Structures are given as C-alpha cells and as structure tokens.
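Notes to accompany the following structure.
Since this is a predicted model, take the numbers as computed values, not measurements. Within every chain, numbering begins at 1; the chains are lettered A, B, ... in the order of the sequence lines, protein sequences first and strands thereafter. The basis for the numbers below is simple: all heavy atoms, side chains too, and nothing from hydrogens, waters or symmetry mates.
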Protein chains: 2
Amino acid sequence: MTHSELMTLERQEQIVQLVNQAGRITVSELSAHFGVSETTIRRDLAALAARNLVRRTHGGVMRAVPVATSEIPILQRQNEHAAEKERIGAATAELIRDGETLLLAGGSTGLAVARHLNHHQNLTIITESLLVVHELLRQEHHRLILLGGTVAPEELAVRGTLARQMLEQLCVDKVIIGARAVSVERGVSAETPEEAEFLRTFLERGEHTILVTDSSKFHLSALARLCSLSAINTLVTDRGLDEEIARQVQELGVYLITV
Amino acid sequence: MTHSELMTLERQEQIVQLVNQAGRITVSELSAHFGVSETTIRRDLAALAARNLVRRTHGGVMRAVPVATSEIPILQRQNEHAAEKERIGAATAELIRDGETLLLAGGSTGLAVARHLNHHQNLTIITESLLVVHELLRQEHHRLILLGGTVAPEELAVRGTLARQMLEQLCVDKVIIGARAVSVERGVSAETPEEAEFLRTFLERGEHTILVTDSSKFHLSALARLCSLSAINTLVTDRGLDEEIARQVQELGVYLITV
DNA sequence: GCAAATTCGCGCACAAACGAGCACAAAACG
DNA sequence: CGTTTTGTGCTCGTTTGTGCGCGAATTTGC
C-alpha cells in the first residue's frame, strides 16, 4: 500500500540477511516482520532455496552454510540420487575389462563406480580420492595408485601442483570423471576453476574418457567449464535424461548409456 | 539451554556437533537436552546414521569413525605396547614447535605422534601413511600433504618410485620415523629392503631426524638395515630401555628421551 | 542361562506446515 | 483502452514432524 512496502526482490534480500544473522528463522516470524502472508514468505523461501542462498526446513529456513558441523560434502552428495548413482556405477563397471588401467576421479558418482569393480580382476586404478582408495582397499584384488599432494579435507582427496605433476608421468586406458553440471551448449563444468583444471589434466592422460553423472546435473549450471561435451567418448547417466537432450548429446558423437 | 523450539534439521546438526564433541551420547540425554520425546530423537539418530554422520548404538550414538578393518597388521601393532607408544607420541609432540614442517612416517608409533599434534598450530605435515592422514584430518587445523604412489594394503600407506620422486621435491624441518628393530651395533632396521630404502629417502629430506620406537625393538633383529644409530639426532623411547644400552646410545651422540 | 529392565521399531493419531490451484489487484505493455 | 504480466492472498487436500502405545529385540544383572 504505502511507503513501508518493499518490492519482492528487496524483501528476499533482507530475508537472506536476517537468516545469515540469526542462523535460522521461521516462516511466521518472517510473515510478521514484513507484514505479508505466510504464503508469500514461502514463495520467497522456495526461490531463495533454489538458488542455494538459504536452506529450507519445515517451519522456516536456516543459514545455507552450516557453521561448525564437520559434515563432509562428498558424503552428503553420496546420498543424493543414490539409486541412480548406483545404477550408473554398475553400468560403468561393465565398460571396464580385466587388466585395464583406469584413472578414476573421486566424485560421489566415481565412488559408486569403484564399488562395482569388485568382480574385475587385475585392474590398475589411479585416483586422487581417499574414499575411492578406502573402497578399493576393501576389495583387495587390484593394484591401487594414489596421487600425492595437499589433502583437501572437504573432498577427502588430494589436490594441487604435486598431484598434477605426478599425473603427468602416467598413462591409462580409460579416464572416468564426474561433473557438477553438464550442458549441451556449455559442456562439462566443475565447481571451481581449480577443480576444472585438475580434471582437465585427467582427460589428457587417457585414450578413452567416460563421464559419469546423474541426469539432475543437466539442469544445473556451474562456474568452471572443464571441457566441451564432444571431448567425452562415453556418457553414462540415468533414464531421467530429457529425450531432446539425449538426442543432442548423441549428435555430438558421444556414446550415450542410460540406465 | 537456549532452544526456543528448534527446527528439525537444526536439531540434527546440533546432535552431530554434540556427538563429535563428546564422543558418545545417549538418547535420553538428547531428549532432555532438546526437550523433545525420545521417539523424535531416535528418528533423528536414524536419519543421521543413514547418512553416516554418527554411528548408532543401543541407547545412543557414537562419533562416526569411517575406519578401518581389524586384520590390518599396523592396526594390530598399534595395540602392542600401546601405553608406551602413547607416551612416546606425547613426548615427541613436545619437540615440535608451531609452524614447523614435518615429515612423519606412518608406523604405529608415528601414528601415536600424530594423535598428539592437536594442540599445535599451523603445522605442515607430510606423510606416506593413510592412517596419519585420517588422524590429522579429524584435527582439522594443519596443512596436510600426502605422498603419492602405490598403496600397500597391509600398511595403509603409499610406497614406490612415485612416492620417492615426490619426496625429493620437498624439504622439512624435522623427520620422524619409526623402526622395526634398533641395535647399537647394527643400527636402525626396517622389515624389508624396500622399506629401508624408502625411509632412507625420508632421512635425506630434513635437518633434524627423530626416531620414535618402544624399547622392545632393542631386543629384535630385522632384515634390512636402514642407517646407523649415529645418523639419528633424537631418539624417543620408553623407560624399559636397558641402562647399558642407553649409555651406549648417548655415547653415539644421540639425544635420548625416555618416558 | 534366564529373567527383568531398557531400548527399539512400527503403526496410528494429530497438528502444523506445505504446495497447487484459483482469484484479485496493481503495474506494465501495446 | 484492453490485455498481459506480476505479486499477493486464500482455500484445500496432502505431506511432514511429533508423540504415544505396544510388541519385539537387546542388554543387564544375577
């Protein structure tokens, strides 16, 4: 009605501020604070949560980044689309033949691939991920090479110049990587430029590159471009992939497997 | 204390914090703490356990430790002379100053050293042991560099040419190694020639070398000679060391610490 | 090794919160 | 001026979180 009335965007910005300040806030508190209905607040929160600016809970929202909780992101991501990732991992393992040498990047989907390698024999697996190592150590019958370098606690993986230098001395049959986002136009993306650079080094080390990613990644956008989709030989994803996108992917010369 | 009705997710995050802080906690304690029914707490714990954030037990939960199977030799060795190793670890940690760079070999005694580094600040720790990495990742406040190379399952550590190459690019303030056997005449020994060769590379990378070993190792003999005792600057061991041997060690110019 | 006491998991009930669809009003546009 | 778009609020059927009770399972104590 009058002067005190805010525009929608303005209100949403203030909500983010309030949440970051207090840590958490309820829908009813926000409704009272801004003098709008709870329905409107819910719409705001849905929009903000979609942009990862806040975390939605029943009754309200919380700060997007948990304060001191030592939750390891990759362990969280493991539980998202878990069933799809498991199927993708199994299908990818079928592409591998006994005795091959693999470069296996340790995203949550790459970890699912590792879990399905226990029926293979005599593989040599190179990875940067401590979780992949942990998984494959349990299986016991493969040769395992871990890249060295600075340990990134939130990914449980090594990063940095040392790892890249080491990588450059190695050559493999197949390279398996994951991605944070995939798009026909914008190619394959990682979360940070550093991660993209690192994975690019992966791609150079092998003949055949396999991208493993669940179909939800096709609706996301990520900051750091890694490579174009046509640089990928084989893409393994789940059946949730849009048919139109699937057609475009195949036109780029990518061998597409959906499970 | 200050919980004017929390939201579910918030309560679960706090539970994780409480568990990680205390090590374990009971359902009834949590119920009283948050002022909700035990049923609700059990539901929270089930959700957290499903995400591997805590480990469920009867009556409560424990900190989630993503370790480690029991038939691995080094984990068994950890239990032999455990008390001595713990004292040796603590005493060795006191030799380290904040901000230093360490090369820490991952024997069972080296692991005990790692456990006592959590009151130091801003260390850079280079290691070949996955167990040391695991321990120090929990402590969170150090920079951690893991050597790369072939993973030896029975030691949970990396070995091989790649690791040695990588090592040659690094320099540190202090080198900490363990041993399988120590003798005044025959020097410091490792289990295999490869291990000895590997540890010798360690010794070359730093100014000051510290040998950590419990006194029982002075009565053993091992195959592969690593170096002479006089190549060691400081030896940390337990009071079980024979006085005659102690005198001889000191005559060799080694600074001896017994705890 | 058995009995008692916890503890657990499941189903049900209830209230709060939610999302989807519809209606209305104000602004934007041609 | 009419039409479209956008933001808002309402209603209603559905989902989610919570607590309680009961039978089953697991510890604990002797």
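- With dC8(C), dG21(C), dT18(D) as the choices, the nucleotide that has an atom nearest any side-chain atom of V27(B) turns out to be dC8(C).
- S31(B) comes within contact range of no nucleotide atom at all, as no heavy-atom separation falls under 4.0 Å.
- In this view, R87(B) satisfies the salt bridge (Lys or Arg N to Asp or Glu O under 4.0 Å) rule with no residue, not counting sequence neighbours.
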Tabulated below should be each protein N or O lying under 3.5 Å from an N or O of nucleotides 1-6 of chain C; please produce it.
none

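- For A90(A), the side-chain contact (heavy atoms from CB on, under 4.5 Å) criterion is met by H116(A), not counting sequence neighbours.
- Residues passing the side-chain contact (heavy atoms from CB on, under 4.5 Å) test with T92(B) are I88(B), V113(B), I176(B), I210(B), V212(B), V236(B), sequence neighbours excluded.
- Residues meeting the salt bridge (Lys or Arg N to Asp or Glu O under 4.0 Å) test with E38(A), sequence neighbours left out: R42(A).
- With sequence neighbours excluded, no residue satisfies side-chain contact (heavy atoms from CB on, under 4.5 Å) with E243(A).
- Distance E38(A) CD to dA17(C) P: 7 Å, rounded to the nearest Å.
- Straight-line distance from the CG atom of D44(A) to the C1' atom of dG19(C): 15 Å, rounded to whole Å.
- For E84(B), the salt bridge (Lys or Arg N to Asp or Glu O under 4.0 Å) test picks out no residue, with sequence neighbours left out.
- In this structure, T57(A) reaches the sugar-phosphate backbone alone: every heavy-atom distance under 4.0 Å involves primed, P, OP1 or OP2 atoms, never a base.
- The side-chain hydrogen bond (donor to acceptor under 3.5 Å, both in side chains) analysis of residues 246-255 of chain A, with sequence neighbours excluded, yields the pairs E244(A)-R247(A), E244(A)-Q248(A), R247(A)-E251(A).
- Counting to the nearest Å, the P atom of dT18(D) and the CZ atom of F34(B) are 12 Å from each other.
- Which of dG19(C), dT18(D), dC8(C) sits closest to the side chain of R42(A) comes down to dG19(C).
- Applying the ring pair (Phe, Tyr, Trp, His ring centres under 6.0 Å) test to residues at least two apart or on different chains, the pairs with a partner in residues 176-200 of chain A are F198(A)-F202(A).
- Comparing dG9(D), dG19(D), dC18(C) by their closest approach to the side chain of T40(B) singles out dG19(D).
- Nucleotide dG19(C) holds its C1' atom 10 Å from the CZ atom of R56(A), rounded to whole Å.
- In terms of polar N and O atoms assigned as donor or acceptor, the side chain of R43(A) never comes within less than 3.5 Å of the base of dG19(C) in a complementary pairing.
- Counting to the nearest Å, the C1' atom of dT7(C) and the CD1 atom of I25(B) are 17 Å from each other.
- For Q12(A) and dG7(D), the CD to C1' distance is 11 Å, given to the nearest whole Å.
- For the pair L9(B) CG and dC18(C) C1', the computed distance is 16 Å after rounding to whole Å.
- Not counting sequence neighbours, E29(B) has no partner by the salt bridge (Lys or Arg N to Asp or Glu O under 4.0 Å) test.
- Ion pair E155(B)/R180(B) flagged as a salt bridge, since at least one NZ, NE, NH1 or NH2 atom sits closer than 4.0 Å to an Asp/Glu carboxylate oxygen.
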Which protein N or O atoms sit under 3.5 Å from an N or O of nucleotides 11-15 of chain D?
none

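- In this structure, L30(B) places its CG atom 16 Å from C1' of dT18(D), rounding to the nearest Å.
- Taken over five-pair windows at either terminus, the axes of the helix from dG1(C)-dC30(D) to dG30(C)-dC1(D) are inclined to one another by 40° (rounded to 10 degrees).
- Counting heavy-atom neighbours within 6.0 Å of R225(A) CZ, excluding the residue itself, gives a total above 12.
- A salt bridge links R55(A) with E13(B): the closest approach of a Lys/Arg side-chain nitrogen to an acidic carboxylate oxygen falls below 4.0 angstrom.
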